[in-house]
Amino acid sequence: MPKFRFKALEDVLAREPKEVVYPSDRVSDYYATNVFSQETMRAYLPDEAYKSVISSINEGTRLERSMANQVASSMKDWSLTKGATHYTHWFQPLTGATAEKHDSFFTPISGGRAIEKFDGENLVQQEPDASSFPNGGIRNTFEARGYTAWDPTSPAFVIGKTLCIPTVFIAYTGESLDYKMPLLKALNAVDKAATSVCQYFDKDITKVNASLGWEQEYFLVDKALYNARPDIMMTGRALVGHSPAKGQQLDDHYFGSIPERAVAFMKEYEIEALQLGIPVTTRHNEVAPNQFECAPMYEETNLANDHNLLLMDLMEKVARKHDFRILYHEKPFGGLNGSGKHNNWSLSTNTGVNLLAPGKNPKTNLRFLTFFVNTIKAIYDNADVLRASIASAGNDHRLGANEAPPAIMSVFIGSQLTQMLDNLEKSVKAGKMTPEDKTELKLSIGKIPQILLDNTDRNRTSPFAFTGNKFEFRAVGSTANCANSMIALNVIVAKQLNDFKKAVDLRIGSGLKKDEAILQELQKLIKESKAIRFEGNGYGDDWVKEAAKRGLSNLRDTPRALKVMTQKSTKKLYADLEVLSEIEIDARYEIELENYILKLQIESRTLGDIAQNHVIPAGIKYQNILIENVKGFYDVFGKSTAAKMAETQVQMLEELAGHINGIREKSQKMLDERKKANKIEGSEKKALAYCDKVKPYFDEVKYHSDKLELLIDDEMWPLPKLRELLFTR
Ligand code: ADP
Ligand code: MG
């Protein structure tokens with residue numbers, strides 16, 4: 001084996017893929033076996049209790065105490081057969097991760113004996129020590145009381161020895177402190193609004209579900225290399241490191257064969273995911289070196305989101321077993337593809353219809369156009385709200401950078417639907433329509449089905465693209481809780497559909513036929529929202545100029561993107577639909593800013609440490625070697641000859657000194673700015689100071705560090721290089 005500058009590199013190369021044992025040859029044998037599914041409930045619950053749970057799932061009715069006791073008892077019995085000893089309320093605090101508080105089933109009883117106990121009270125409500133979760137000022141820590149409450153729409157599951165119960169997390173004063181509660185409310189709002197609009201087309205439609213199909217991107221790095229990179233350990237991304245000579249310039253297809261160790265990791269997390277009822281279909285995809293993607297089947301949004309969070313946790317654990325560390329950061333490596341989490345979104349009805357799929361005849365196509373056009377109008381009116389929902393310190397590296405959708409919100413629909421909308425814009429006549437007008441319109445509307453699927457999804461540069469039977473929100477960051485973007489999207493669509501219903505009813509009230517009223521309102525919306533539609537290259541500089549001309553926002557960083565949360569109109573939007581109150585929005589604004597500040601503060605500190613403790617000492621050591629070398633020349637050859645012979649070394653010494661001084665000076669300035677920023681009162685100003693004054697030094701420090709990396713003897717560089725992190729397999 002060749003000698004490596006790191007023992008760690010040898011370790012990495014010596015690793016073998018771990019063996020994966022399948023529980024059975026057939027997935028159907030183990031699919032959802034760790035889930036307290038409706039089917040399991042039917043087997044375990046008395047009829048009456050089963051019916052009341054189902055009605056609380058479907059209609060949101062309250063579960064009576066006696067029923068809750070029965071559900072709890074059977075849930076416990078079932079989980080004991082799975083080896084569970086503890087239970088936990090599983091919830092989604094505003095930190096972005098999930099949280100759990102474990103309690104034992106075990107209860108001592110008289111006579112020195114013990115029983116396994118879990119009743120309705122334990123199931124329905126719990127009081128975790130909430131003081132350590134962010135609340136944006138809603139609760140003062142001394143009255144830190146919040147509670148978690150069961151969400152029966154998402155099934156309980158067993159992981160390891162723990163029964164996990166999905167819950168919402170609420171302050172005692174009623175405000176939500178998590179992502180799930182407002183998501184459920186937003187889904188309810190869009191259900192009501194869409195169902196009401198559906199009445200124009202089909203009276204049998206009584207429920208509309210928003211569906212979510214997420215695609216999760218991530219990087220894998222070996223644990224030995226990970227542990228040798230303080231920046232990646234502390235911040236999830238490489239703060240320094242020269243781009244490898246080979247990045248992803250080569251064709252996409254180059255990254256086709258997934259390393260065996262990664263395959264073993266994927267197989268194992270898939271087995272566990274399937275047991276938890278997460279519908280991962282085997283789809284392995286390498287996107288960039290050591291970057292992969294996982295995309296399960298889409299599901300109802302609340303469930304899909306729980307599954308995303310669950311799987312993220314699971315993948316992290318399984319990665320460790322395989323001696324990997326998983327990086328969910330949006331931009332772990334500069335100069336390389338970032339990671340996103342595409343949110344595929346559509347609306348489907350209790351009658352089995354996807355409202356964003358074009359139909360087979362003019363009537364169903366009019367329904368399609370209604371939901372299609374209203375979604376576009378919602379994005380146009382609320383682009384900033386949507387932008388805020390995906391803002392984070394990590395995603396700032398992606399949005400507006402060259403390999404990710406831009407920070408400008410726009411909608412891509414493909415040339416043929418563009419033509420269709422242009423056509424409607426021109427040809428719908430005001431007032432009552434003649435039979436000829438109607439026939440002509442019907443003909444053109446009837447043409448939609450053939451054109452799709454093949455002609456959409458060609459544009460990969462759009463943040464929000466129509467892809468045949470769904471919209472794909474591509475600007476979501478890979479670490480994000482999808483709830484954030486899904487709350488925003490479903491709320492703005494709900495609001496738009498409510499407005500649409502009112503407007504169409506007014507038109508009908510003034511004597512128009514239903515179809516005429518709908519078409520004329522759609523025509524109005526098409527005209528009004530035209531500026532948000534963009535079919536060109538979203539990564540080009542031209543688009544930035546063009547978007548500015550169109551009056552579209554280009555909010556490039558988190559503090560500025562979040563600002564819309566302070567606007568009256570935003571608060572009204574969320575409050576009117578009863579999704580978030582003004583207090584809740586204020587709290588969330590505060591929490592997101594704090595989060596942003598904290599992230600940048602940690603990055604800045606870590607970068608300072610790396611510069612001072614790793615990079616500068618390496619530079620000095622190498623300088624000493626060169627100095628010795630030059631001295632030797634002078635000793636052996638005398639001044640005039642030595643000066644000539646050691647010309648390169650002297651030049652290198654000068655360069656080294658330049659970059660060592662440079663990195664020292666810039667990190668010092670970064671430190672000064674950080675100190676100033678830390679003294680600022682008020683999160684908004686502080687976040688802006690971090691963004692505008694501290695962050696710009698990150699690139700400057702990195703610049704000098706990367707130059708030093710290129711200058712210094714490979715054996716002396718103290719950190720794993722990007723090429724080692726990405727290509728050692
Ligand atoms: P890519 O974007 O990588 O080309 P696809 O277009 O195949 O991949 O993405 C398909 C994704 O869209 C899958 O995750 C799938 O679950 C999801 N999806 C498909 N239909 C729907 C739908 N009606 N609603 C929501 N998501 C959907
Ligand atoms: Mg996609």
Side-chain angles (χ1 to χ4, degrees), residues 183 186-187 190-191 194 198 205 207-218 248 252-253 255-256 258 266 270 273-274 277-288 291-312 315 337-359 364 367-368 371-372 375 398 403-405 411-414 449 452-478 480 482-483 485-487 489-490 493 538:
L183 178 63
L187 293 171
V190 85
D191 169 18
C198 280
I205 295 176
K207 178 148 178 78
V208 174
N209 271 329
S211 52
L212 164 65
W214 45 264
E215 301 166 58
Q216 177 77 53
E217 290 180 331
Y218 60 93
Q248 54 194 64
D252 269 358
H253 298 296
F255 306 104
I258 300 179
M266 290 170 182
E270 275 178 7
L274 289 165
I278 304 172
V280 288
T281 45
T282 308
R283 183 175 134 184
H284 299 157
N285 198 1
E286 180 158 26
V287 191
Q291 187 192 27
F292 309 96
E293 183 189 73
C294 164
M297 286 272 298
Y298 68 96
E299 298 175 283
E300 185 279 321
T301 300
N302 176 41
L303 187 60
N305 189 44
D306 281 1
H307 280 168
N308 178 237
L309 294 166
L310 198 51
L311 190 61
M312 285 174 81
M315 285 164 74
N337 201 42
S339 294
K341 176 148 56 194
H342 295 178
N343 280 197
N344 294 276
W345 170 89
S346 71
L347 295 170
S348 60
T349 68
N350 59 310
T351 57
V353 166
N354 176 354
L355 295 169
L356 287 164
T364 47
R367 185 185 64 203
F368 159 72
F371 286 92
F372 181 66
T375 303
R398 235 180 114 237
E403 322 90 357
V411 182
F412 170 85
I413 61 172
L452 288 173
L453 295 166
D454 246 18
N455 287 292
T456 55
D457 204 20
R458 288 278 179 262
N459 189 330
R460 297 241 148 222
T461 66
S462 175
F464 200 87
F466 186 70
T467 52
N469 57 2
K470 60 189 186 287
F471 280 98
E472 182 167 346
F473 191 12
R474 296 186 177 132
V476 183
S478 46
C482 305
S485 54
M486 286 296 109
I487 293 165
L489 180 59
N490 287 294
V493 170

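Just so it is clear, the values below take in all heavy atoms, side chains as well, and ignore hydrogens, waters and symmetry mates. Just so you know, ligand 1 is whichever comes first in the structure, and atom 1 is the first atom listed for that ligand.
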Asks: State the atoms of ligand 1, each with its element, that fall below the 4.0 Å cut-off from a heavy-atom position in Met297.
Replies: 16 (O)

Asks: Please state whether Asn354 comes within less than 4.0 angstrom of ligand 1, counting heavy atoms only.
Replies: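 For ligand 1, residue contact (heavy atoms, under 4.0 Å) with Asn354 is present.
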
Asks: May I ask you to identify, for Leu356, whether its side chain, its backbone, both or neither come under 4.0 Å of ligand 1 on a heavy-atom basis?
Replies: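 Under 4.0 Å from ligand 1, Leu356 contributes no heavy atoms.
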
Asks: Which residue in the set Phe473, Phe372, Phe412 passes ring-ring contact (aromatic ring centres under 6.0 Å, His included) when paired with Phe466?
Replies: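 Only one of Phe473, Phe372, Phe412 forms a ring-ring contact (aromatic ring centres under 6.0 Å, His included) with Phe466, namely Phe372.
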
Asks: Show the atoms of ligand 1 that are less than 4.0 angstrom away from any heavy atom in Gly213.
Replies: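 Per the distance check, 25 (C), 26 (N).
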
Asks: Taking the side chain as everything from C-beta on, heavy atoms only, tell me whether Tyr298 gets closer than 4.5 Å to Pro279.
Replies: no

Asks: Going by the atom numbers of ligand 1, which of them fall below 4.0 Å from some non-hydrogen atom of Glu472?
Replies: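 Listed by number with element, the hits are 2 (O).
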
Asks: Check whether any N or O atom of Pro296, backbone or side chain, sits under 3.5 Å from an N or O atom of ligand 1, and answer yes or no.
Replies: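 Between Pro296 and ligand 1 (N or O atoms, distance only) the closest approach is under 3.5 Å.
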
Asks: I'd like to check Leu311 versus Gln216 (side-chain heavy atoms, cut-off strictly below 4.5 Å). Are they in contact?
Replies: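 Not touching, per the 4.5 Å side-chain cut-off.
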
Asks: Under 3.5 Å, N or O to N or O, is His342 touching ligand 1 that way?
Replies: no

Asks: Are side-chain heavy atoms of Val493 and Phe471 found at a separation under 4.5 Å?
Replies: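 Not touching, per the 4.5 Å side-chain cut-off.
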
Asks: Under 4.0 angstrom from ligand 1, any heavy atom of Arg460?
Replies: yes

Asks: Taking distance alone, with N or O pairs closer than 3.5 Å, would you say Glu293 contacts ligand 1?
Replies: no

Asks: Relative to ligand 1, is Lys470 under 4.0 angstrom through side chain, backbone, both or neither, heavy atoms considered?
Replies: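 It is the side chain that gets close, since no backbone atom is under 4.0 Å.
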
Asks: Closest heavy-atom contact between Cys294 and Val280?
Replies: SG-CG1, 4.1 Å

Asks: Looking at side-chain heavy atoms only, is the closest gap between Ile205 and Asn350 below 4.5 Å?
Replies: yes

Asks: Side-chain contact test, heavy atoms from C-beta onward, threshold under 4.5 Å: evaluate it for Asn469 versus Leu356 and give yes or no.
Replies: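 Side-chain contact under 4.5 Å: no.
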
Asks: Using side-chain heavy atoms (C-beta onward) and a distance below 4.5 Å, is Thr349 in contact with Arg367?
Replies: no

Asks: Quick check: Trp345 and ligand 1, any N/O pair under 3.5 Å apart?
Replies: no

